[in-house]
Amino acid sequence: MNVQQSDLMPRIIVCLDVDNGRVVKGTNFKQLRDMGDPVELALAYEQQGADELVFLDISASNEKRPTALKLVTDIAKHLSIPFTVGGGLKKLDDVKAFLDAGADKVALNTTAVLQPDIINQTARAYGSQCVVVAIDVNQSENELSFYINGGRKLVDRNCSDWTKEVAERGAGEILLTAMHKDGTGSGFDIELTKAISQQVPVQVIASGGAKNEQHFLEAFQQGADACLAAGMFHTGDYTVSQVKKYLLENGLNIRI
Amino acid sequence: MKKILIIDTKAGNLFSLKASIERLGFLQTVLETPSEEFFDGIIIPGQGRFGTVMKNIRKYGWDKYLSQAREKNIPILGICVGMQIFFESSQEDLGIKGLGWFIGSSQALDFPKKPMVGWAKLHSDIWSNEAVYFVNSYAIKETSLSIATTNYGEEFCAAVRQGSFTGVQFHPEKSSQVGSRIIEQALTNFGAMS
């Protein structure tokens with residue numbers, strides 16, 4: 001085996017936070033701003049060259065469940081790139097409902113921590129490729145901690161141990177959000193992503209802090225498998241195609 | 001209007017695949033058991049384990065149905081595991097026989113990060129440098145029928161073609177416009193038959 005021998009290309013993943021059927025964007029897990037219609041935005045991002053989309057908090061509450069499922073089906077009907085849904089999936093039935101409605105993958109965060117066996121169950125029933133475990137981490141000084149409930153509740157566990165555990169339980173990918181970077185525009189936490197990525201036999205998606213094309217270039221040059229961003233694309237500051245053009249010009253193997 | 005049959009191997013939702021056929025302007029029908037109705041093309045979806053898919057293919061008589069379709073030169077498209085089952089066996093479920101149309105078996109990819117998830121470029125005469133979306137841990141590594149390859153730790157077969165059969169290891173229904181074109185080519189025998 002030759003580790004260098006891979007035609008896999010680094011992915012740009014656009015995240016759409018959905019609330020009440022609209023795409024919203026928060027800063028440091030607080031204040032929400034309206035960004036537009038999920039299906040329209042999803043299609044626009046596919047056309048721009050986004051490699052994947054993630055819809056978060058689409059399903060946050062039970063009463064909104066039917067609307068959320070319909071939205072997922074609408075997205076699947078129109079989109080021909082992979083997409084993940086996450087937020088508020090509390091049991092295996094919720095996971096099944098969203099995968100059956102057309103989602104390619106589910107992202108599990110709080111539920112994965114509270115009932116870790118749901119990772120195994122989902123992987124067994126649908127395959128590891130359907131399971132993304134999202135981990136919201138915060139680094140202050142030299143201490144790395146992680147949170148659930150949308151960044152509000154600290155988990156009293158070692159973050160590295162948790163990362164390894166989710167991979168062992170059958171997660172196909174890990175979405176690592178650096179809360180200390182989210183909304184800051186200071187770039188991805190490349191060192192952290194690298195450190196976590198080396199500990200697990202699955203791909204790690206870097207998230208939090210992207211503001212410009214340079215941030216993607218740095219992360220991919222340092223070996224990141226995939227990078228996720230939201231705000232810089234939703235605000236129209238950048239299109240995915242602009243970022244990809246920049247990456248290509250800088251010699252990266254990127255899908256256009 | 002072309003009528004396309006999607007075989008329901010009961011191994012996952014067929015939503016994306018159905019939508020991708022409709023986007024091409026084709027009519028799609030999903031069946032759990034074979035019917036007498038004529039179809040212009042047949043798709044075996046790319047979800048589930050080798051063993052589960054093979055079990056359902058045999059249980060509902062799709063093995064015979066597919067052999068007959070092959071004799072009639074009807075376009076058949078196998079996606080991911082839906083391609084692998086046309087070979088002899090798979091390391092994913094040892095002891096379960098594939099349909100054995102082609103010599104070879106699918107084997108685990110040797111790469112530290114599994115499954116392989118993401119877009120990769122094809123090395124191919126017909127689809128040179130096209131990027132398509134892969135999701136797999138197993139693949140056919142050697143076959144004389146290969147029309148496209150890609151690398152993940154090692155080279156493997158990304159697509160095969162023989163007679164009216166096209167098999168793709170990637171997911172064309174998730175590969176944007178490139179994937180859409182590949183589905184259309186496979187279902188029309190690459191324009192050789194209309």
Side-chain angles (χ1 to χ4, degrees), chain A residues 1-13 46-47 49-52 72-83 96-105 123-132 167 170 172-174 197-198 200-205 225-226 253-256, chain B residues 11-24 46-49 52 80-81 92 108-123 129-137 148-156 158 170-181 183:
Chain A
M1 183 203 57
N2 178 357
V3 177
Q4 300 305 315
Q5 191 182 332
S6 169
D7 285 323
L8 217 48
M9 297 183 277
R11 286 174 285 159
I12 294 183
I13 301 173
E46 176 179 351
Q47 276 155 16
D51 296 307
E52 277 188 60
V72 167
T73 299
D74 275 351
I75 294 163
K77 273 185 185 164
H78 290 95
L79 204 66
S80 51
I81 56 171
F83 71 100
K96 284 181 173 171
F98 279 92
L99 290 173
D100 292 344
D104 297 294
K105 314 175 192 182
R124 262 200 307 276
Y126 290 90
S128 284
Q129 78 285 349
C130 292
V131 192
V132 179
E173 290 170 89
I174 289 170
S197 184
Q198 281 164 359
V200 287
V202 297
Q203 291 191 46
V204 176
I205 303 161
D225 302 309
N253 182 25
I254 281 282
R255 165 186 165 260
I256 41 164
Chain B
N13 91 76
L14 301 170
F15 214 90
S16 305
L17 188 57
K18 280 162 41 179
S20 72
I21 300 307
E22 284 166 1
R23 275 195 294 267
L24 284 169
Q47 283 158 317
R49 297 179 68 93
T52 315
C80 195
V81 68
E92 186 177 19
L109 288 172
D110 191 9
F111 198 84
K113 302 218 177 235
K114 276 180 264 199
M116 176 185 187
V117 180
W119 298 78
K121 270 183 190 161
L122 297 174
H123 305 284
N129 283 330
E130 298 282 26
V132 289
Y133 191 79
F134 286 87
V135 183
N136 55 294
S137 299
T149 62
T150 197
N151 291 289
Y152 195 59
E154 58 200 316
E155 188 180 65
F156 67 89
F170 51 88
H171 286 264
E173 76 280 18
K174 286 289 157 190
S175 299
S176 203
Q177 281 151 21
V178 171
S180 181
R181 205 177 70 238
I183 293 174

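This structure is a prediction, so every number in the text was calculated from the model and none was measured. Numbers restart at 1 for each chain; the letters A, B, ... are given by sequence-line order, proteins then strands.
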Peer 1: Among A/Ile81, A/Asp51, A/Leu79, find the one that has a side-chain contact (heavy atoms from CB on, under 4.5 Å) with B/Ser176.
Peer 2: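 Considering A/Ile81, A/Asp51, A/Leu79, a side-chain contact (heavy atoms from CB on, under 4.5 Å) with B/Ser176 is found only for A/Ile81.
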
Peer 1: Please find the pair of heavy atoms, one from A/Gln5 and one from B/Phe111, that lie closest to each other, and give the distance.
Peer 2: O-CE1, 4.3 Å

Peer 1: So what's closer than 4.5 Å to chain B heavy atoms on A/Ala226: side chain, backbone, both or neither?
Peer 2: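 Nothing of A/Ala226, per the 4.5 Å heavy-atom cut-off to chain B.
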
Peer 1: Is it the case that the side chain of A/Gln203 and the backbone of B/Val117 share a donor-acceptor pair, with hydrogens and angles ignored and the cut-off at 3.5 Å?
Peer 2: yes

Peer 1: Under a plain distance cut-off of 3.5 Å, with no hydrogens placed, do B/His171 and A/Asp104 share a side-chain donor-acceptor pair?
Peer 2: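 Judged by distance alone, the side chains do not pair up.
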
Peer 1: Taking side chain as everything from C-beta outward and backbone as N, CA, C, O, which of these in A/Gln47 sits under 4.5 Å from a heavy atom of chain B? Side chain, backbone, both or neither.
Peer 2: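 The answer is neither part of A/Gln47.
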
Peer 1: What residue, out of A/Ala167, A/Pro82, A/Pro10, A/Ala76, has the most heavy-atom pairs lying under 4.5 Å from chain B?
Peer 2: A/Pro82

Peer 1: Find the distance between CD1 (A/Ile254) and NZ (B/Lys121) and round it off to the nearest 0.5 Å.
Peer 2: 9.0 Å

Peer 1: Please check: side-chain N/O of B/Arg23 versus main-chain N/O of A/Lys77, any donor-acceptor pairing under 3.5 Å?
Peer 2: yes

Peer 1: Looking only at heavy atoms, which two atoms of B/Phe15 and A/Gly102 are closest? And how far apart?
Peer 2: CB-CA, 3.9 Å

Peer 1: Shortest non-hydrogen contact from B/Asn13 to A/Leu99?
Peer 2: ND2-O, 2.7 Å

Peer 1: Is it the case that the side chain of B/Lys113 and the backbone of A/Val200 share a donor-acceptor pair, with hydrogens and angles ignored and the cut-off at 3.5 Å?
Peer 2: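 The answer is yes, because a donor-acceptor pair under 3.5 Å joins these two groups.
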
Peer 1: Please classify the contact between A/Ala103 and chain B as side chain, backbone, both or neither, with a heavy-atom cut-off of under 4.5 Å.
Peer 2: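 Only the backbone of A/Ala103 comes within 4.5 Å of chain B.
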
Peer 1: In Å, rounded to the nearest 0.5 Å, how long is the span from CZ of A/Arg11 to OH of B/Tyr133?
Peer 2: 5.5 Å

Peer 1: Mind checking the OG-NZ spacing from A/Ser80 to B/Lys174? Nearest 0.5 Å is all I need.
Peer 2: 7.5 Å

Peer 1: When you measure from the side chain of A/Asp7 to the backbone of B/Asn151, do you find a donor-acceptor pair of N or O atoms at a distance under 3.5 Å?
Peer 2: yes

Peer 1: Side chain, backbone, both or neither: which part of A/Lys96 has an atom under 4.5 Å from a heavy atom of chain B?
Peer 2: neither

Peer 1: So, B/Lys114 and A/Ser128: side-chain donor and acceptor under 3.5 Å apart, yes or no?
Peer 2: no

Peer 1: Identify which of B/Gln177, B/His123, B/Gln47 forms the greatest number of heavy-atom pairs closer than 4.5 Å to chain A.
Peer 2: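 Between B/Gln177, B/His123, B/Gln47, the count favours B/His123.
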
Peer 1: First locate atom CZ of B/Phe134, then atom CD of A/Gln129, and finally report the distance between them rounded to the nearest 0.5 Å.
Peer 2: 15.0 Å

